[in-house]
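Okay, structure first, notes after.
So that the names make sense, note that chain A is the first sequence line, chain B the second, and so on, each numbered from 1. Only heavy atoms go into these numbers, but all of them, side chains included; no hydrogens, no water, no symmetry mates. What you see is a predicted model; the values in this text were computed from it and never measured.
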Amino acid sequence: MQYWLMKSEPDEVSIDDALAAPRQTVPWFGVRNYQARNFMRDAMRVGDGVLFYHSSCDDPGIAGIAEVARGDGVLFYHSSCDDPGIAGIAEVASTPYPDDTQFDPESQYYDPKSTREHPRWMLVDVRAVEKTRLMTLPEMRAITELADMQLLRRGNRLSITPVTPAEWRCIMLHIKKKP
DNA sequence: GCCAACGTTGGC
DNA sequence: GCCAACGTTGGC
């Protein structure tokens with residue numbers, strides 16, 4: 001059993017989106033970094049613990065369309081973004097398989113160099129277990145036991161990072177109480 | 001808006 | 001293979 005932290009932009013896939021999905025499970029599409037891919041392809045096992053992290057999101061804007069009643073249209077507008085931080089707990093829910101978005105010319109994640117015979121980008125499914133309060137970066141930085149977390153290292157941009165069992169236990173303890 | 005860090009690209 | 005230029009991520 002291993003532990004991971006996986007970053008998502010909440011205006012793309014948030015912890016709420018994952019909880020609302022069938023079986024509370026979403027494919028972790030869109031990773032286009034070899035190190036992060038290799039974690040999913042080679043190291044993750046079904047049942048591994050995942051910290052569901054919301055990274056800072058893009059500009060405010062219309063994030064969805066809904067219908068209230070009888071055709072009343074509603075545009076979901078994200079007026080501002082929350083701080084980045086851990087927003088929930090999840091688990092690895094599948095073995096690796098190809099990321100479909102790499103084959104779709106309409107997708108922002110399209111990779112013209114990838115083929116179905118030799119897919120370049122693999123992903124796993126992630127099942128949301130529970131939404132937590134937002135544990136922010138400043139809060140994490142203030143905890144001595146988390147000082148060496150890969151997430152907190154200067155210049156870290158990797159969207160998937162391993163978490164040690166000690167870091168996991170420490171975060172589980174802190175996230176259940178008030179900051 | 002700024003910028004550090006790091007990945008990718010392409011000329012040689 | 002080297003490496004400068006450029007692009008992206010993502011916190012601040």
task: Please determine which of A:Thr101, A:Asp111, A:Asp100, A:Asn33 meets the side-chain hydrogen bond (donor to acceptor under 3.5 Å, both in side chains) test together with A:Trp121.
output: A:Asp111

task: Go through DNA chain C in 5' to 3' direction and return only the first and the last nucleotide with some atom under 4.0 Å of chain A's heavy atoms.
output: C:dG7 to C:dC12

query: If we ignore angles and hydrogens, is there a donor and acceptor under 3.5 Å between the side chains of A:Asp125 and A:Tyr97?
result: yes

- request: Would you mind listing every salt bridge (Lys or Arg N to Asp or Glu O under 4.0 Å) that reaches into residues 38-54 of chain A, with sequence neighbours excluded?
  value: none

message: Checking side-chain polar atoms at under 3.5 Å, does A:Ser55 have a donor or acceptor matched by the opposite partner on A:Glu9?
response: no

- prompt: When we call it a touch if two heavy atoms are under 4.0 Å apart, what does A:Arg141 touch: a base, just sugar-phosphate, or nothing?
  reply: sugar-phosphate

task: For residues 15-38 of chain A, pull every pair meeting salt bridge (Lys or Arg N to Asp or Glu O under 4.0 Å), keeping only residues two or more places apart or in separate chains.
output: A:Asp16-A:Lys131, A:Arg32-A:Asp99

